Every structure is written in C-alpha cells, then in structure tokens.
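Predicted, not measured: the structure shown is a model, and the values here were computed from it. Naming convention: chains lettered A, B, ... in sequence-line order (proteins, then strands); numbering from 1 in each chain.
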Amino acid sequence: MSAFDGVKHRLSVLLRGERYAAEQERELQTHLEFETAAGIRSGLDTREAEHAARRRLGNLTYYREETRRMSWLRFLDGVRQDAMYAERSLRRAPGFAAAVVLTMGIGIGVTAAMFSFLDPLLWDAPRGVESPKTVRRLYVEKVDPQTPSRREVQSSLIYPEFATILTQAGGVPLAASTTPDSVSVTNGGRGSPARRSFVTGNYFEVLGVRPLRGRFFDAGESAIWRPSPVVVLSRGFWRRHYADDSTIVGKTIRIDSRAHTIIGVAASEFTGVDADAVDIWAPLNIYPAKPGPRGEPWYETFNIRLRPIVRVDDEVKERDWIRRSTRAIRSVQVPGFLSDSTASVLPGPLSAMRGPQTLPQEVQVSTRVAAVAFLMLLISAANVANLLLARSTRQRREFAMRRALGVSRTRLFQQVLLETIGLMIVATGAALVVAQWTGRSVRRLLLPTVQMANPVVGARTITFVIATALVGSIVLALLPAMQAAKHDEFGVIRAGTRAGTYGRSLVRDGLVALQAGLSLLLLIGAGLFIQSLRNVQRIDLGFNADRSLTMRPVFVGGQDRGAEIARAIPIVADRLRKAPGVEAVAFGQAGPMAGASFFPVYLPGARAAGAVGTETTPSSVAVSDGYFAATGMRVLEGRDFEPQDRPDASVVVSRALARSLWPGKSAVGECLVLERPANPCSIVIGVVNDVHRSRVIEATSPQLYRPVDVNDHSLRGPRQLVVLAQAGAIATVNRLAVQEFQRELADMSALSSRTLSEATARQLRPWRLGATLFTAFGSLAVFVAAFGVYSVVSYTVSQRMHEMGVRLALGGSFRDTAAFVVRGVSGPLGVGVFGGILLAFAGGVLVESLLYEVSAHDPGVFVLAIATIACVGVIAALGPAVRAARADPMTVLRVQ
Amino acid sequence: MSPRNERSGVVAGTLEMLILRTVSLRSLHGYAIAQHLAQVSDGVLLVEQGSLYPALERLLNKGYVTAKWAESPTGRQARFYTITASGRKQLKEEFEEYHRLSYAIARVMGTT
C-alpha cells in the first residue's frame, strides 16, 4: 500500500510535530558526523572538517520550513490561528454575532422544518421496501359520479373491483391495503391508540418486506371466507409497547376490545407505504363487517376501499397487465354501484403524492409554504450578507494594514470564511432547534391525523441543514472577501481613521431591496389567503351552522343497529322537545350535510325529470316534521311537514328543483313521481331554500325532502337526530341527549354530536392553513427585514456621523436631518417593493388555484401589503435617524 | 565545468529520479545517497544537503520511499530510505521518459 505510505507519513509529521522535527535534527546531525569523519579521513583536522561539513549542509532553517510546508502542518497552523483570531474578533462584536446566528437559525430552521415535512411525502421512497422502483400503485380514472361531465382519478378500489382484476388480469403479484384507521389497543392495563391497516395476505411478499420475528399471513389466514384474528406488529410498536419482548409471537393483543393473536413483527424500517405510519397490520378478512343495504357481506359492497399495489419489473409486461386490468375493471357490476365502461387503470409510483391523483389541498398548500420558507431563507441570507458587508467595511482599515504587512489575499479570505463558518456552526445548532419546534407544529397543523414515520429532525434533515449552512457560509463569505480584495490598501491607510466610512454600496442597497421585495411577496400571499378564508367562511350553507346539532349513536365495531336506532330516535326526540335550552327537535335519515339518497324522479306522464348519474338527479332526504325549523332552513313557499303527512304522499322541494321542474310558476300543489314511473303522485306541499349537500364549496343542486317512515329500519329510516339548541346551551343539550339515548340504547358506546360548523371545519382547513402559515412566515419575514433595515440604517448613521455633525453644525434642523437619513433607505425600499409587485404578479398563478373568490392580483391586498412594508421600513429607519438628528455636533466632530 | 557549480544544474524532478534510482538498489541513508551520486557521476553530480533532504521529504510525502532508523555499517544509527512499490513504478516511468528524451536529444545532436 505505497499510496497510503505517503498519507501515513504526512499524518505522522502532523501528529508528532515537534518529535518529528527532533528526528530530522538527529538525521542532519548524523549526516554532519559522516561528513566530518570523511573530511578527517581525507587529511583535514577535526575543526576544519566540522566547519566544511557544516558549510556543505547549507540552510537548515529553509529545510525545516520546507518540511512544514510540505506536510499540511503549515496550512493547519494557519487555520488554527485564523480560527482563534475569528473567535476573538467575534467575541468583541457579540451583537453582530447574535444577529447573524438568530437570523440564519430562523431562516435555515424554518426551511428545514418544511423539508422534513415534505421529504417523506414527495421525495423519499417508503422505507424497508425492496427495490421500491418496481412497485406500482394503481389508480383508476373514472367518471365523477357527482359531476358526470368530469373524470376523476381514484386511488382506491372497492373489493369487487380488486377481486375482478385479481382473477381476470393475473400474471403479476397484486396486493392491497386499506387507509390506516385509529384503534384502541389494550395490552394488559389501559388502552392506547394505534394505527391499523388491513392488508391482503401477500402484501408483505409483494413489497419484499421480511419478518423480524415470527411470520406474516399464510394462505388460510388471508382466505376471505376463513376470518382469523391474527395481526403483525411494526418494529416501533413492538419496541414501544412490548419493550422488544422476544416471546412476542403467539401472545394476545386486544384491539378495540377484541382478542387477536400476534404472529409476527415486520422488519425494522417498514411502516407501510405511506407517510402515515402503521402500527398493526391485520388480514383483510377480519375487516369489521358492515353489511350492505340488503345484508350482503362487506366484500360484496363498497364499504371497504382498497389501495392496490403491484410489482412489475418489465415494461412490456406492465403495459400488458394494465391493459388486461383495465378490461377487467370495466366489466365490474355491483348492485347500486355506478359501473363505468370508460374506466381505465393507471400505474403510478409507490409514493402516493407523486401519483396521478390530485394532491390533497393540504399538501398543495404546504408546497407553497415550503416555497415561502425558502423565501424566508433568502431574506435571512440577504440580511446576514448585509451585516457581514457592514462589518467588513468597518474592518477595511484593519485588512488594508494586514495586506500591507504582507498577509496574502487568500489568507484574508480564509479568515473571513472561518469567521462565517464559525457563526454558521452556531447557527446550525439554532436551526436544528427551530426545525424541531417548527416541524412539530407544522405536522400538527397540516396533517393532524397522520402519524408520520420519520422523525422531525432526522438524518436527512440534519444533512439538509448542514449542507445549506455550508453553502451559505461560502457564498456569504465571498461577498465581504471580494469587497476587501477590491481595495487599494495604501489608499485606505492614507485615508486615516475615516477610512471604512460610508460609501454608497450597490450590493448593500440591493440586499435591502431584496428583503423588502420578498417580504412584500409573503405579505401579499398572507393577504390573499386571509381574504379567501373570509370568503369561504362567509358562504351560506343554507343551515344554522352554529346551533343546529346533528346527533348519531355510535356502537363498538361499527355494527349496524338500524332497527334499535329507528325505534329509539323518535322517543328521544319527544323527550328532548320539552328540555331546557332546546328550541326545536326533529329527526330523519340524515342531518345537514350528513347524507342523502339518490333516485330518479318523474313528472306525471312518466316524463323523466332527471336520471341517475346526471347532474339533474335530485338528492333526497327523509325527514320528520319540524326538520326545517331544527336545521335552521327556511320554508319559502307552502308549508313544513306535519305529523299526519304520510310517507310518499307529499314532498318538499328545494328552490332549484322547483325552478327547474316548474319554471315560472309555483311548485306548491304540483305532482311529482318518485323512483319508478308507475308510482303514485306525491304532492309538493312546500318549497325550501337551497342547501349544500356535502361540501362547503359546491354548485347549487336540486334537492327534495319526503316524510320519514318511523318503521323503516333501512338507511332511509330515522337515523339521526337534529336539535336546534339555544345560544350557549349546546353543552347542556348534549349532556341531556347522551342521558336520553343511553336510557334507550344501553350498549351505545358514544353519541356523535356536532354542529355543522364543526363538521365543515375540516373543509376550511386548507384556507385556514394557508392564512395561518403565510401570516406567520410573512410576519417573521417582515420582522427580519425590518431588523435588516434597522441595522443597515444605524450602521450608515454611525459611519456618517461626521457628515451629520457638519450638517447640524451648519444649522440643519432636527427634522431635515432625520428625513435625510430616512430618505437614504427609501430608494432601495422602493426598488424592492416594485420588484416584489412584479414577482407577486408573476407568481400569482402558483396560488390562484388555492384561493377562493379572490384574484391573485387583488388590488386591495396589494395596497395593504405595500403600505405595511413602507410603514415598517420607515419605522425601522426612524430610530437610528432620530439618534443622528439628536446628536450634539460638537461631540461628534471632536470624536471623528 | 566545476562540479561545485553543478548542484544548481540538477533540476528538482531529476534529483528525485536520481535518488529513487539510488535507493532502488538497496536501502541507504541520506549521506550514503549523496556519496553514491557523487561517486557514480565521477563528482559531476554533487548534491547539496539543502536540496537532498527536502527532496527526500517530498518522496516520503508522495509515498515513493519509506524511512526507518537502523544501524549503519560503521555502527552509527542513521535514517535509512527504502523504495516502495509505487516508487519503483514511478522510477520506471521516469526512466523511460528520460530515455526517450535523451535519445531524441542525441539524435538531434547527431551523435547516433
């Protein structure tokens, strides 16, 4: 290993330092002795021989210097010296150091937090999967049942579709899993929450995951007709709940109070194929059965949604298989399920967020927020660059002096670089703290229901932070170093103490402009999201969203208890009617925006008024009398239902339905035939306002209401209770309702009760998130930028004190002087604002799709944001300006 | 040409090649290397120690030789330099290059 010999030698010189020098000394001594001995042999006397030998040995110091230079010793010596020098000089400027560390810490930390959030969603392949590139997720493109003119990409299949593809396409390993649900796990004592996913028997095999302990599901356990309560645990869950117990296999675990046998533990890193980490995998055949409307088992209905994956390593094979599975999915026929002969199967990468499906709005918002975080980083960097520039200007004289003393430019640059790196190392620590804290908040805010597997600050995030800091320090160190290198040292020294005073710097002004522009961009973003949120919140859903409660009894395991519920609900309704705090009570198939049925309706003479699968199909809800009062809807014409109204004899229609069926005349008294053309007439007895069916943002749709049949135990019978509570009485009403329901349904596990505002809060989240995050980052950016302006102005002022002194001495007024200083910074601010406006105009398209009823170029928002930046800029500059104007000219001039 | 003035005529790279060639025969200490060069060149190549030791240090840094303290034939402790495998390879390359060059020069000078 002779290449290694050289390195070994250098290292030994480096590490042994003085000892190596001594060794060289000894070697030269030996040489002298040999030489002297030779001289004596040739007839010289001892003194002469020694003298001659020493003369021939030449310049010893040169030799020692050469040796040091050749090893890396000299370089390291220099680095050590420079590092110590940098440390000393930073100690003398603690304010400067703190400002740099804080600004960079925030900038890098916030960006790192967003990186750690998006990394597992968008870039990092799921861990623990063998060659993830050959695993495909399957999507189905279909007609959107809500709006048939549109097609939508679905990421899940119902079991009949899955089974059809499995049997008809074949030839390629196909597996599937369900979206994880939250369950309660009891392991001896108290229960704790866990995430469970149901999977097909070959799931682990297809993904190439190996068991760490025990085994995975066998053919018997995955057979659909032989349910066996067995589970596989994740490595993390095993550690957290069983402390790596090696006798885990065969033990019993209670999930939602049912006993399951643990048969294995999955290999370490595997937590499922999504960012949402799974703790427990169970075979699909023990999916808690919710029978279909006609009592079919779950696997024949569309209760369960499966997300399929396949492993294919050959492109041709993949194309063939996709073609076969498309053919298979078009042939699926399930009663009550819209079959689609135009459906097609699309393959996508294993990372769900990169698939053909539209990204969830939260993720869309978070990509924008990541861009915002990056802007934050730029603003911080611009700020730090400005601080460093100011500092280097102050150090100009010192640098010039050292240059004149023969210190090389490289050495000076090295020193500036070391100073910046030192600051960045501390900033990296600060950034990791910020990333940890922000990252946790961002996760809680953006995906509260998802338990992300990767740590908030993991190896990839740390690498990201260090890489950013390193690149940052080199770039940031270049600016002042270049500036320092530009100067003619003798000119600077000759200029005396006032050297290193103010000279207008294009770079410095540019950095102020950059900060102003980017902050403006963030403020505009915040404004647009706040405006959107307000617009969405203002949407009238057609109900009393704050006081109308929808209640629904819940049973363990989701069993269907239709008959008991249908019996209990009218009784509870009667009792609550007389209770304090209750304004109105009604019941029906569903409360506001909580469900509906779809069937065709006809006008007399069998004229179809809208067929299933078209947008004119009205949605229908079976309701009791008083429903409109209890939900806060308004009867516009005719009357509400009364107790004596028989089911199917009378209907109430929405305004939109009335207008489309009987344009230009009153609908009251008209005849409408429901479901089948041969059915008898139902008379329209009233018209109510249009309401939203399922989403906060949706087009107006036709709706109809029919009297509920209290003896109907199907999904169209009495299923939900609607109570209009008096203001402030919601908690009391809820408590009463729970008591009353418990009297009737002894084994009810909970009463789900919520207002429409609570139910729709989830839908408002994207705008709320956008508004919150843009405002948070925007304020932070404005703060950082304000600090930047402040530091630049106060630095300028301190450098121009002499000029100020002269101005004041010549009779300049306080106002003039202050205005003069503020004017100095208004130029760069103006340029920045102008640039920011241009950027905001250009970048508008990126957020346009996420806004609601506000243009990305909304003038009001723009004006407000510009005004904010201008005010903040002036306020930030005012402090130092006043300080300048208040200065005593005599003192200033004497000091200068 | 006086041999004393010759040291400046030895280019650094050439000196390293000569040293490598010398230690390729057997391990030698610094004085012996200088003696060998002077003797073999009939006193033409007289290397000053001021150049010899930096050259040896460069060879050590490149990993072409290693150094070890051992007893010299006269019983004195001295630092012996030994050529390494990569040193031999380097020597071979430089030797070929030198041959090519000197042959070319000889052709131009009309001596072959």
Side-chain angles (χ1 to χ4, degrees), chain A residues 1-42 49-76, chain B residues 3-4 6-8 12 15-16 20 23-24 28-36 38-39 43 46-92:
Chain A
M1 285 297 284
S2 35
F4 185 62
D5 287 331
V7 177
K8 212 168 77 184
H9 177 73
R10 282 170 200 249
L11 272 180
S12 108
V13 173
L14 211 57
L15 296 176
R16 288 164 63 228
E18 286 309 306
R19 292 224 316 278
Y20 187 73
E23 196 174 310
Q24 285 179 322
E25 199 68 31
R26 201 152 60 108
E27 184 178 22
L28 293 176
Q29 205 53 51
T30 317
H31 188 102
L32 273 179
E33 285 165 17
F34 278 126
E35 190 90 59
T36 313
I40 293 170
R41 270 201 305 280
S42 68
E50 267 179 18
H51 199 69
R54 208 168 273 287
R55 209 171 46 234
R56 291 192 58 192
L57 197 57
N59 186 348
L60 280 180
T61 323
Y62 164 73
Y63 169 40
R64 280 186 211 121
E65 271 299 306
E66 272 297 290
T67 314
R68 272 176 96 76
R69 194 185 60 75
M70 272 187 266
S71 73
W72 303 308
L73 210 64
R74 212 178 70 133
F75 172 69
L76 283 185
Chain B
R4 271 179 210 285
E6 195 53 41
R7 64 179 166 96
S8 53
L15 177 58
E16 283 168 33
L20 273 183
V23 297
S24 73
L28 287 173
H29 52 74
Y31 179 73
I33 295 172
Q35 285 308 99
H36 179 90
Q39 277 165 20
L46 206 57
V47 183
E48 195 197 72
Q49 292 80 354
S51 331
L52 173 69
Y53 286 99
L56 280 168
E57 190 65 31
R58 273 196 292 279
L59 290 172
L60 280 169
N61 279 336
K62 286 176 187 160
Y64 295 156
V65 296
T66 56
K68 219 166 91 184
W69 286 89
E71 198 168 299
S72 73
T74 57
R76 233 187 274 271
Q77 282 289 317
R79 203 169 175 221
F80 280 77
Y81 293 87
T82 311
I83 192 163
T84 64
S86 72
R88 277 189 200 286
K89 206 171 139 224
Q90 176 67 18
L91 176 63
K92 191 166 163 268

Gap between atom [atom2] of [Y] and atom [atom1] of [X] - 0.5 Å precision:
X: Asp5(A); Y: Asn61(B); atom1: CG; atom2: CG; result: 11.5 Å
X: His31(A); Y: Ile33(B); atom1: NE2; atom2: CD1; result: 10.0 Å
X: Gln29(A); Y: Arg76(B); atom1: CD; atom2: CZ; result: 10.5 Å

| said: Tell me whether the rings of Phe34(A) and Tyr31(B) are parallel (<30°), tilted (30 to 60°) or perpendicular (>60°). | reply: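 If you compare the ring of Phe34(A) with that of Tyr31(B), the planes turn out parallel.
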
| message | Let's go through Gln24(A) and Glu57(B) carefully: what are the C-alpha distance in whole Å and the side-chain angles of both, what is the deciding distance for side-chain contact (heavy atoms from CB on, under 4.5 Å) to 0.1 Å, and is it a yes or a no? | response | CA-CA 10 Å; Gln24(A) 285 179 322; Glu57(B) 190 65 31; 3.4 Å; yes

| field | Validation row: His9(A), Lys62(B) side chains within 4.5 angstrom (heavy atoms) | value | no

| query | Using a distance-only test with no angle check, is there a side-chain donor-acceptor pair under 3.5 angstrom linking Trp69(B) and Glu27(A)? | reply | no

| Winner by heavy-atom pair count (cut-off under 4.5 Å) against chain A, out of Lys89(B), Arg79(B), His29(B) | Arg79(B)

